[in-house]
Asks: 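Sharing a structure, written as C-alpha cells. Questions coming.
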Amino acid sequence: MNKKNSHFIYFVKAVARTLVPRCLTQKLLHGRLLRYERMTEEEQDVVKQRVDYYCKLSAPVAVPNNTIRLGDFTNGKRRDTPCGYIHSIHFYDTYEYSRYFPDDYRIAITSGDVSHILPEPGFCKSRPVTDNDDNRNNILLKLNKVRHFMWVKDPYKWEDKECKIIFRGEAATKPRRQRFIEMWKDHPLCDLVPTNAKARAMSIDDHLKYRYIMALEGNDVASNLKWVMSSNSIAVMPRPTCETWFMEGRLKPDYHYIEIKEDYSDLIERIEYYETHPDEAKAIIEHAHEWVRQFQDKETEDLISLMVMEKYFRMTNQIKD
C-alpha cells in the first residue's frame, strides 16, 4: 500500500537535528562538500547545473535586509524579526543544511507558497517560471519535502489501467481548478471531484488504477506531480507557471507529461491521441521515471542543498576566499 510520508517520523528526525550542537555540524561541512570532488566529471556537471538552476545569482549582491543570523534561526513565530513568520516544516527543512554554516552568517527565507518574484535574494519553496533569469532572487530549497517529495510503487502497468482522467483536490479557493472541473465534470472520460469536508480525498492506490491523473496548480505548483511521475500513470496538465526543487520549469511537454492548453479546451483530444498511440504514452512514463530518479539519491540531494546554500553565502559576500 502506498502511503503519504509520515509527519510523525519527519518531526522526530527534525527535532533530533536541532539537539546536535551547531559547533559539531559546522566541522563536518568541508567533508560533506568533498563528495563533489570524488564525482566523475559527468556527475559534477549534473550537480553544478542543478545548483546554478536553484541559485541563479551570477554576480555578488549585498546581504539582503530581511535576514536573520543563523545563530538566531530557531523554530516558531517570530513576527518581531526581519524574517517574520516561518512555518515549522520550512524551518526544519532549512535548518537541516543551515546548521553546517557559521552562526554569524545571515539568511533570508520566505515561508509558504511563493508565486511571485522576491524583491531581494532569499530562500523559498517555489517561484514563477520565467523565460530568463528574472526569478533569480527566488533561491530554491527543498522545502516541505515531507508533503511534496514522495514516490510510489505502482503495481499496475499502463495498459492494464482504466482509461479515465482523474482529479481529486481542493478547489474552493483555487479558481483555475474550479474552471477545469466545471468544464469537464460531466464528460464520461472524466472523474473529477473537488475535495472538502464532505468529499474525502481518493487514496493514492486508487489513483493508480487509472491511466491519466490531472496535476493542476493550486497556490503554486501541483503537489501531486512528483508521485504521479513516479507511477505508471501519466500526469496531464498545462505548462507549469511555478516551479520548486523538482524543476518543473525544465519538464518537457509531451515528453515528461501530457500538455494541454491553458484553457483546458483540448483535454479530450489529447487523451484520445495517446489512447491511439500507446507506445508514445508509455515512452512518457519512462521519461518521467528517468526525471524522478535524479531526486531519489539522498546523498546527492544533501550535497546539492549544501552547495546551493554555500553559493548563496558566497554571492552575498559572507564567505571570504
Side-chain angles (χ1 to χ4, degrees), residues 4-8 10-11 13-15 17-18 53-57 63-70 72-99 106-130 134-150 169-178 194-196 201 215-227 237 240-249 295 301 305 308-309 312 316:
K4 295 181 178 181
N5 294 327
S6 168
H7 278 65
F8 175 76
Y10 168 84
F11 278 112
K13 291 181 177 178
V15 172
R17 289 190 196 103
T18 65
Y53 189 77
Y54 297 136
C55 181
K56 294 185 176 182
L57 297 178
V63 178
N65 293 318
N66 60 331
T67 57
I68 187 171
R69 286 181 70 255
L70 292 186
D72 301 325
F73 186 49
T74 57
N75 189 27
K77 297 181 179 180
R78 296 180 304 284
R79 297 189 182 280
D80 58 337
T81 70
C83 284
Y85 171 73
I86 298 177
H87 190 284
S88 61
I89 289 179
H90 287 209
F91 163 76
Y92 286 123
D93 284 342
T94 305
Y95 186 81
E96 182 174 357
Y97 304 105
S98 67
R99 64 195 176 124
R106 303 190 70 87
I107 191 173
I109 178 170
T110 300
S111 189
D113 300 327
V114 179
S115 57
H116 61 281
I117 293 176
L118 300 179
E120 294 184 292
F123 295 110
C124 56
K125 185 195 79 171
S126 53
R127 67 188 179 196
V129 175
T130 61
D134 287 350
N135 58 5
R136 69 176 67 87
N137 281 349
N138 299 52
I139 301 167
L140 296 177
L141 280 182
K142 196 175 185 179
L143 301 182
N144 204 357
K145 57 192 171 194
V146 67
R147 178 188 177 202
H148 286 268
F149 281 83
M150 60 166 293
E170 197 278 318
T173 60
K174 299 173 174 62
R176 288 177 293 185
R177 291 182 177 181
Q178 292 175 5
T195 55
N196 51 44
L216 297 177
E217 292 183 332
N219 295 326
D220 50 20
V221 297
S223 59
N224 68 339
L225 179 61
K226 288 93 167 168
W227 68 257
M237 62 184 185
T241 65
C242 291
E243 63 181 350
T244 64
W245 189 265
F246 196 60
M247 301 188 293
E248 287 88 345
F295 303 97
E301 292 292 276
S305 297
V308 168
M309 272 202 176
Y312 168 82
T316 53

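Residues take their numbers from the sequence shown, with the count starting at 1. Only this structure's heavy atoms are used, side chains among them; waters, hydrogens and symmetry mates stay out.
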Asks: Could you report the tightest heavy-atom contact between S126 and N138, atom names first, then the distance?
Replies: O-ND2, 3.6 Å

Asks: Could you tell me whether the side chain of V221 reaches within less than 4.5 Å of the side chain of P240, counting heavy atoms only?
Replies: no

Asks: Any idea which heavy atoms bring V129 and N135 closest together, and the distance?
Replies: CA-ND2, 4.4 Å

Asks: How would you list, by chain and number, every residue that makes a salt bridge (Lys or Arg N to Asp or Glu O under 4.0 Å) with K226, sequence neighbours excluded?
Replies: E248

Asks: Hey, are the side chains of N219 and K174 touching, using non-hydrogen atoms and a 4.5 Å cut-off?
Replies: yes

Asks: Does some side-chain heavy atom of K145 sit less than 4.5 Å from a side-chain heavy atom of N5?
Replies: no

Asks: Ignoring hydrogens, what is the shortest heavy-atom contact between C124 and L118? Give both atom names and the distance.
Replies: SG-CD1, 4.2 Å

Asks: Output all residues satisfying salt bridge (Lys or Arg N to Asp or Glu O under 4.0 Å) with R17, sequence neighbours left out; order by chain, then residue number.
Replies: E96

Asks: The criterion is salt bridge (Lys or Arg N to Asp or Glu O under 4.0 Å); which residues satisfy it with E217, sequence neighbours excluded?
Replies: R176

Asks: Should the ring pair Y95 and F73 be called parallel, tilted or perpendicular, given that the plane angle runs from 0 to 90° and is split at 30 and 60?
Replies: tilted

Asks: Are Y10 and R147 close enough, and set up right, to give a side chain to side chain contact (heavy atoms under 4.5 Å, CB included), and what steps lead you there?
Replies: CA-CA 10 Å; Y10 168 84; R147 178 188 177 202; over 6 Å; no

Asks: Taking all non-hydrogen atoms of both residues, which atom of R177 and which atom of E170 are closest, and how far apart?
Replies: NH1-O, 2.8 Å

Asks: Side-chain contact, heavy-atom cut-off 4.5 Å: L140 with M247?
Replies: no

Asks: Measure the CD1-CD1 distance between I109 and I68 for me, rounded to the nearest 0.5 Å.
Replies: 10.0 Å

Asks: Return the CZ to OG1 distance between R127 and T244, rounded to the nearest 0.5 Å.
Replies: 9.5 Å

Asks: Could you list the residues that satisfy salt bridge (Lys or Arg N to Asp or Glu O under 4.0 Å) with E120, not counting sequence neighbours?
Replies: none

Asks: Name the one of T94, N144, D220 that satisfies side chain to side chain donor-acceptor pair (under 3.5 Å) with K125?
Replies: D220

Asks: If the plane angle is over 60° it's perpendicular, under 30° parallel, otherwise tilted; pick one for Y92 and F11.
Replies: perpendicular

Asks: Within the structure provided, determine whether M309 and F123 are in side-chain contact (heavy-atom separation under 4.5 Å).
Replies: yes

Asks: With sequence neighbours left out, what residues match Y97 under ring-ring contact (aromatic ring centres under 6.0 Å, His included)?
Replies: none

Asks: Any non-hydrogen side-chain atom of H148 less than 4.5 Å from a side-chain atom of F246?
Replies: no

Asks: Let's go through Y312 and L141 carefully: what are the C-alpha distance in whole Å and the side-chain angles of both, what is the deciding distance for side chain to side chain contact (heavy atoms under 4.5 Å, CB included) to 0.1 Å, and is it a yes or a no?
Replies: CA-CA 11 Å; Y312 168 82; L141 280 182; over 6 Å; no

Asks: At what distance, to the nearest 0.5 angstrom, does OH of Y54 lie from OG of S305?
Replies: 8.0 Å

Asks: Please report the interatomic distance CG(L143) to CG(D93), rounded to the nearest 0.5 Å.
Replies: 5.5 Å

Asks: Answer whether the closest heavy-atom distance between the side chains of P128 and D134 falls below 4.5 Å.
Replies: no

Asks: Report the residues that fulfil side-chain contact (heavy atoms from CB on, under 4.5 Å) with Q178, sequence neighbours left out, ordered by chain and then residue number.
Replies: A171

Asks: Give the minimum heavy-atom separation between W245 and E301, together with the two atoms involved.
Replies: NE1-OE1, 2.9 Å

Asks: Test I89 against H7 for side chain to side chain contact (heavy atoms under 4.5 Å, CB included), laying out the working first.
Replies: CA-CA 10 Å; I89 289 179; H7 278 65; 4.1 Å; yes

